[in-house]
Amino acid sequence: ACAGPTVGATSGDDAPGEAVDWAQVQPATEITFWSNHPGQSQEVEQDIIDAFEAETGIAVQLVTAGANYDEVAQRFQAASQTDEMPDAVIASDVWWFRYHLNDQIIPLDDVLEHLDAGADDFQPALYSDYEYDGQHWAVPYARSTPLFYYNRDLWEAAGLPDRGPETWAELEEWSTDLQAELPDDGSALGLSTGPSWGAWWFENMIWGHGGAYSDGFDLTLDTPESIAGGEFLADLFGDSGVATLSSDDAMADFSSGLIASTIGSTGSLTGALEAAAFEVGTAYLPDGPAGGGTPTGGTGVAVSASSTPEEQLAAAMFVDFLTNTENTSNYSQSTGYMPVRTSAVESEAMQEIYESTPQFRTAVDQLADKARPQDDARVFIPGADALLNEAIERIVIEGADPAEAFGSVAPRIETAYTENVEPYL
Ligand SMILES: O=P(O)(O)OC[C@H](O)CO
């Protein structure tokens with residue numbers, strides 16, 4: 001979970017939507033939802049939309065607003081001065097708070113209460129991620145933890161136990177046996193980097209060495225523990241020979257058998273199970289010498305502040321429907337993302353899935369056993385995720401010294417905080 005920042009008393013905003021008496025509002029008959037269809041979910045999103053229209057008579061236009069969270073966010077921000085705004089929009093872990101700072105979204109507590117949406121049934125660790133100033137600014141939708149994916153057939157051929165490594169050191173021990181079973185250009189572990197990605201999985205490694213990106217909003221990239229995390233990363237791709245960087249998509253390299261293991265979103269699970277010609281194993285992320293921890297991630301859905309109250313009410317009805325017990329279960333089964341409601345995790349439908357395909361359960365269990373709130377610097381400082389990824393790529397691709405790589409991005413993250421966050425807290 002990445003619970004909202006705790007500094008500052010109020011945002012100083014009269015957030016749009018707060019004063020609306022929802023009982024006096026009639027929902028609009030047509031709204032727009034901007035999505036990047038996380039986990040290849042366009043079809044299931046459209047199915048849920050069709051069911052919503054059949055039940056309410058409200059038409060939802062599903063717009064592919066980008067190929068990933070960053071593209072949707074850039075389009076949403078660029079559209080703020082136009083009349084092309086959506087009514088409901090994808091709001092990922094590293095973007096929702098910026099939407100709030102920019103007054104682009106409304107708090108949802110009142111309208112969800114008016115709708116009797118049962119917000120207390122959202123998994124608390126997932127719903128609290130969107131809380132700031134005592135209000136929730138999105139509902140959880142396509143929510144994930146990173147998983148350790150491994151090729152069970154290769155594992156067996158290498159004589160390894162059918163489980164993920166408990167520690168990164170154990171994976172290094174296993175890598176020689178794995179390498180013997182792989183193609184010449186293969187590797188025991190393959191990873192991808194990029195915005196909204198590299199700085200997510202690296203949280204596990206920096207935490208595993210006792211470090212962190214930040215303590216609150218104070219950057220801690222220069223502590224010995226954080227630098228040790230960077231040095232572990234450098235060694236993983238360097239002298240240890242364990243890992244290689246996938247040029248495009250590590251999940252594709254995993255499915256093709258080029259790499260024996262990877263870190264992927266649980267939202268990639270259904271795709272991986274369908275694509276692989278081998279048995280796919282899923283496990284918690286390995287621990288480092290100082291322990292472990294997994295970030296949660298993925299996206300929520302927010303309601304646009306620029307929409308009329310009628311459109312906002314219809315959008316809130318839609319996000320309630322999109323994330324109700326039945327639909328979050330359907331969405332989870334179609335993608336691998338976690339059900340966002342406790343009632344869905346406990347439902348007969350999901351329990352049957354967990355019994356027949358236990359890989360679906362790994363992220364839910366990991367959430368309970370190992371989740372840790374994301375570092376504020378990554379999720380609440382605009383642009384910091386991309387800068388942290390830049391440092392990670394310099395270490396992995398250029399072989400840059402970790403202390404130097406972290407030091408090169410830290411001042412820019414501090415400036416982003418001073419200019420774009422601090423004045424609004
Ligand atoms: O790929 P997802 O949807 O699991 O999201 C991963 C990260 O949270 C994005 O910042």
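Both ligands and their constituent atoms are indexed starting at 1 by order of listing. Computed from a predicted model, the values in this text were never measured in an experiment.
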Where is the nearest protein heavy atom to [atom]: which residue, which atom, and how far?
atom: atom 5 (O) of ligand 1; value: G298 N, 3.3 Å
atom: atom 8 (O) of ligand 1; value: D93 OD2, 2.5 Å
atom: atom 3 (O) of ligand 1; value: Y69 OH, 2.5 Å
atom: atom 9 (C) of ligand 1; value: S196 O, 3.3 Å

Checklist entry - Any idea which atoms of ligand 1 are less than 4.0 Å away from a heavy-atom of Y337? => result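 Answer, ordered by atom number: 2 (P), 3 (O), 4 (O).
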Next on the checklist: If the cut-off is 4.0 Å to any non-hydrogen atom of G297, which atoms of ligand 1 fall inside it?
Outcome noted: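 Near G297, the atoms of ligand 1 are 8 (O).
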Checklist entry - Just wondering, do L425 and Y132 contact through their side chains at under 4.5 Å, heavy atoms? => result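 Heavy-atom side-chain distance check passes, below 4.5 Å.
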Next on the checklist: Any atom of ligand 1 sitting under 4.0 Å from a heavy atom of M338?
Outcome noted: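 Contact absent.
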Step through it carefully: locate the ring centre of [X], locate the ring centre of [Y], and say whether they are under 6.0 Å apart.
X: Y69; Y: W95; value: no
X: H136; Y: Y130; value: no
X: Y337; Y: F360; value: no

Checklist entry - Do the charged groups of R163 and E170 touch, with an N to O distance under 4.0 Å? => result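 Salt bridge between R163 and E170, a charged N being under 4.0 Å from a carboxylate O: yes.
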Next on the checklist: Whether R394 and E404 form a salt bridge (side-chain N of Lys/Arg under 4.0 Å from carboxylate O of Asp/Glu) is what I want to check.
Outcome noted: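 Salt bridge present between E404 and R394.
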Item to check | Part of R143 within contact of ligand 1 (heavy atoms, under 4.0 Å) | outcome: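 Neither; nothing of R143 gets under 4.0 Å from ligand 1.
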Just distances here: any N/O of [X] and N/O of ligand 1 closer than 3.5 Å?
X: S265; answer: yes
X: R378; answer: yes
X: S92; answer: no

Item to check | No-hydrogen, no-angle side-chain donor-acceptor test under 3.5 Å, E45 and Y141 | outcome: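 E45 vs Y141: donor-acceptor pair found between side chains.
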Next on the checklist: For the backbone of A405 and the side chain of S408, can you confirm whether one donor and one acceptor N or O come within less than 3.5 Å of each other?
Outcome noted: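 Yes, because the side chain of S408 sits within donor-acceptor range (under 3.5 Å) of the backbone of A405.
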